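Sequence lines set the chain letters: A, B, ... in the order given, protein chains first and strands last, and positions in each chain run from 1. Bear in mind that the values here come from a model prediction, so they are computed numbers and not experimental data.
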Number of protein chains: 2
Amino acid sequence: MDNDKYKLLIVDDEEDILEFLGYSLKREGFQVFTASNGKDGISKAKKEIPHLIIMDVMMPEMDGISAVEEIRNNKSLDETLIVFLTARSEDYSQIAGFEAGADDYIAKPIKPKVLISRVKALLRRSLKKDSGKIVVVGNLVIDQEKFEVLLDGKKIILPKKEFKLLKLLAASPNKVFTREEIFVKVWGDDVIVGDRTIDVHVRKIREKIGDNLIKTVKGIGYKLEN
Amino acid sequence: MDNDKYKLLIVDDEEDILEFLGYSLKREGFQVFTASNGKDGISKAKKEIPHLIIMDVMMPEMDGISAVEEIRNNKSLDETLIVFLTARSEDYSQIAGFEAGADDYIAKPIKPKVLISRVKALLRRSLKKDSGKIVVVGNLVIDQEKFEVLLDGKKIILPKKEFKLLKLLAASPNKVFTREEIFVKVWGDDVIVGDRTIDVHVRKIREKIGDNLIKTVKGIGYKLEN
DNA sequence: ATTTTAGATTAAGAAATTGTTAAATCACCA
DNA sequence: TGGTGATTTAACAATTTCTTAATCTAAAAT
């Protein structure tokens with residue numbers, strides 16, 4: 001798996017643990033950042049916008065829960081996953097942690113294997129959408145990085161506009177995009193083009209990927225069905 | 001928090017646990033439904049369209065995983081969160097439940113406080129985005145984003161005006177909407193159309209969703225009964 | 001019981017929206 | 001600069017949705 005595109009931030013005041021966990025996770029290919037107290041954790045989080053934060057509950061100065069509360073107040077860290085490290089069997093901190101906005105907890109002492117599979121599971125569940133590749137149905141794959149579309153594993157070339165349009169629809173399958181929305185997101189706010197332009201592009205895409213995937217919702221717009 | 005707007009379904013074969021969990025969650029204000037086996041769980045899920053289902057993995061007759069697989073096949077339950085209850089110490093990355101479409105697991109024995117905070121965490125995280133769904137009764141779901149209506153989990157296509165009209169009624173079930181109100185909200189303040197136009201639209205909707213849901217209130221208007 | 005009124009039903013044509021095609025324009029690159 | 005493919009326009013066809021009008025039905029009022 002391409003773990004290298006995930007940023008993890010570990011916040012713990014014990015150097016040993018920090019190093020130990022950092023080492024384990026780096027070996028799996030993750031980009032690892034560390035901080036040894038709550039304040040530093042917050043500032044690193046704001047700077048790096050990690051995908052997942054592993055945070056010790058008990059720390060001197062600022063405890064993990066307060067730190068998480070502050071992190072959750074930051075809009076750009078809205079989607080960031082947070083995992084608490086707690087001493088075994090402390091129910092109390094688990095609860096407070098969830099209230100503060102944590103997504104999971106792991107009890108100490110930590111076994112690296114457990115940590116890793118847990119981290120992977122969380123990432124898989126929550127971030128599966130924006131992984132560059134969008135899979136719409138088994139036979140349609142859109143690779144945003146490579147700028148290509150695969151239909152039944154066969155590469156299909158789409159010109160820029162068609163690609164953008166298809167990508168937009170595919171990013172939220174089944175969602176109906178109004179013509180307005182499509183204009184704004186594909187053509188841009190300022191560009192003014194005729195009414196039939198979208199239709200023509202849709203038609204061209206349909207010619208290439210078949211007529212079944214893009215559905216017309218008359219009076220509203222288009223959607224990519226899944 | 002307004003926990004009362006969330007429906008939870010607990011499925012477990014042990015009466016004790018069912019009661020115990022149900023009690024704890026009700027105390028928090030959630031609407032709680034229970035089922036003591038997989039089959040019953042599925043039918044209750046289809047009827048109530050809960051926001052979250054707590055399901056024991058090990059049950060006689062139909063195990064939790066099979067039940068979840070079936071639940072995931074129902075379109076109206078697409079967004080429902082599913083939490084598994086598992087025996088202690090099974091490393092959760094190994095559990096087939098995730099494959100089946102579960103969103104989390106909780107190990108037995110269950111501490112109510114942990115359960116509650118976990119449930120809250122899941123609801124908080126997952127349901128803040130897709131507030132576009134209106135559920136009227138178990139068998140009628142209106143999805144504004146997808147512009148589709150599900151009747152018993154089966155998709156129904158409505159043209160724009162019909163959709164708007166049904167959505168309006170569904171947004172406040174049991175409220176009677178006057179013709180005036182309907183004209184203003186569906187057709188707009190300026191458009192002038194004949195008196196029978198609404199009737200015809202109502203008729204078309206009834207053709208598609210059945211005659212029972214939309215009631216005529218003679219002399220006043222229409223309402224969607226629940 | 002009869003009349004009155006509001007709503008139900010139906011089908012037809014009007015209106016709105018999208019599909020299709022070909023040709024014109026644009027943008028980029030050898 | 002000419003050529004190539006991408007993009008847009010324009011005209012018309014096809015389709016779907018909306019509205020109307022005429023007739024029918026059922027409930028309320030007299």
Undergrad: In chain order, what residues pass the side-chain hydrogen bond (donor to acceptor under 3.5 Å, both in side chains) check against B:Asn73, with sequence neighbours excluded?
TA: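 Expected list: none.
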Undergrad: I need the full list of side-chain hydrogen bond (donor to acceptor under 3.5 Å, both in side chains) pairs touching residues 187-198 of chain B, with sequence neighbours left out, sorted by first then second residue.
TA: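 Listed once each, the pairs are B:Arg196-B:Asp199.
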Undergrad: Once ring-ring contact (aromatic ring centres under 6.0 Å, His included) is applied, what residue pairs with a partner in residues 203-226 of chain A remain, sequence neighbours excluded?
TA: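 Checked against ring-ring contact (aromatic ring centres under 6.0 Å, His included) - neighbours excluded - no pair reaches residues 203-226 of chain A.
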Undergrad: Go through the structure and list residues passing salt bridge (Lys or Arg N to Asp or Glu O under 4.0 Å) with B:Asp56, not counting sequence neighbours.
TA: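 Here the qualifying residues are B:Lys108.
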Undergrad: Pairs of donor and acceptor atoms involving the side chains of residues 162-173 of chain B, under 3.5 Å and at least two apart or interchain, shall be tabulated with distances.
TA:
| unit_1 | atom_1 | unit_2 | atom_2 | d |
| --- | --- | --- | --- | --- |
| B:Glu162 | OE1 | B:Lys208 | NZ | 2.7 |
| B:Lys164 | NZ | B:Val186 | O | 3.4 |
| B:Lys167 | NZ | B:Gln144 | OE1 | 3.2 |

Undergrad: Based on the rotation axes of five pairs at each end, what angle does the helix from C:dA1-D:dT30 to C:dA30-D:dT1 bend through, to 10°?
TA: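 Its terminal axes enclose an angle near 30°.
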Undergrad: For B:Lys204, which residues count as a salt bridge (Lys or Arg N to Asp or Glu O under 4.0 Å) partner, sequence neighbours excluded?
TA: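 B:Lys204 satisfies salt bridge (Lys or Arg N to Asp or Glu O under 4.0 Å) with no other residue.
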Undergrad: Could you list, one pair per line, each protein nitrogen or oxygen that sits under 3.5 Å from a nitrogen or oxygen of nucleotides 3-7 of chain D, together with the distance?
TA:
| unit_1 | atom_1 | unit_2 | atom_2 | d |
| --- | --- | --- | --- | --- |
| D:dT7 | OP1 | A:Lys161 | N | 3.0 |

Undergrad: In chain order, what residues pass the side-chain hydrogen bond (donor to acceptor under 3.5 Å, both in side chains) check against A:Asn74, with sequence neighbours excluded?
TA: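 side-chain hydrogen bond (donor to acceptor under 3.5 Å, both in side chains) check on A:Asn74 returns A:Ser76.
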Undergrad: Just how far, in rounded Å, is C1' of D:dT16 from CZ of B:Phe147?
TA: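 Spelled out: CZ on B:Phe147 to C1' on D:dT16 is 16 Å.
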Undergrad: Rounded to the nearest angstrom, tell me the gap between atom CD1 in A:Ile205 and atom P in C:dT18.
TA: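 Atom-to-atom, A:Ile205 to C:dT18, this comes out as 16 Å.
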Undergrad: Answer yes or no: is there an ion pair linking B:Arg179 with B:Glu181, defined by an N-O contact shorter than 4.0 Å?
TA: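 No.
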Undergrad: Tell me every residue that passes side-chain hydrogen bond (donor to acceptor under 3.5 Å, both in side chains) with A:Glu207, counting only those two or more places apart in sequence or in another chain.
TA: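 Testing A:Glu207 for side-chain hydrogen bond (donor to acceptor under 3.5 Å, both in side chains), a comparison that skips the adjacent residues, returns A:Arg203.
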Undergrad: Can you name the atoms? Protein N/O to nucleotides 3-10 of chain C N/O, anything below 3.5 Å, with the distance.
TA:
| unit_1 | atom_1 | unit_2 | atom_2 | d |
| --- | --- | --- | --- | --- |
| C:dG7 | OP1 | B:Gly219 | N | 3.3 |
| C:dG7 | OP2 | B:Arg179 | NE | 3.4 |
| C:dA8 | OP1 | B:Arg206 | NH1 | 3.0 |
| C:dA8 | OP1 | B:Thr216 | OG1 | 2.6 |
| C:dA8 | OP2 | B:Tyr222 | OH | 2.6 |
| C:dT10 | OP2 | B:Arg203 | NH2 | 2.8 |

Undergrad: Output the rounded distance in Å from CZ (B:Phe163) to C1' (C:dT17).
TA: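 Checked: the CZ to C1' distance equals 18 Å.
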Undergrad: Could I get the full list of side-chain hydrogen bond (donor to acceptor under 3.5 Å, both in side chains) partners for B:Lys46, not counting sequence neighbours?
TA: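 With sequence neighbours excluded, B:Lys46 shows a side-chain hydrogen bond (donor to acceptor under 3.5 Å, both in side chains) to no residue whatsoever.
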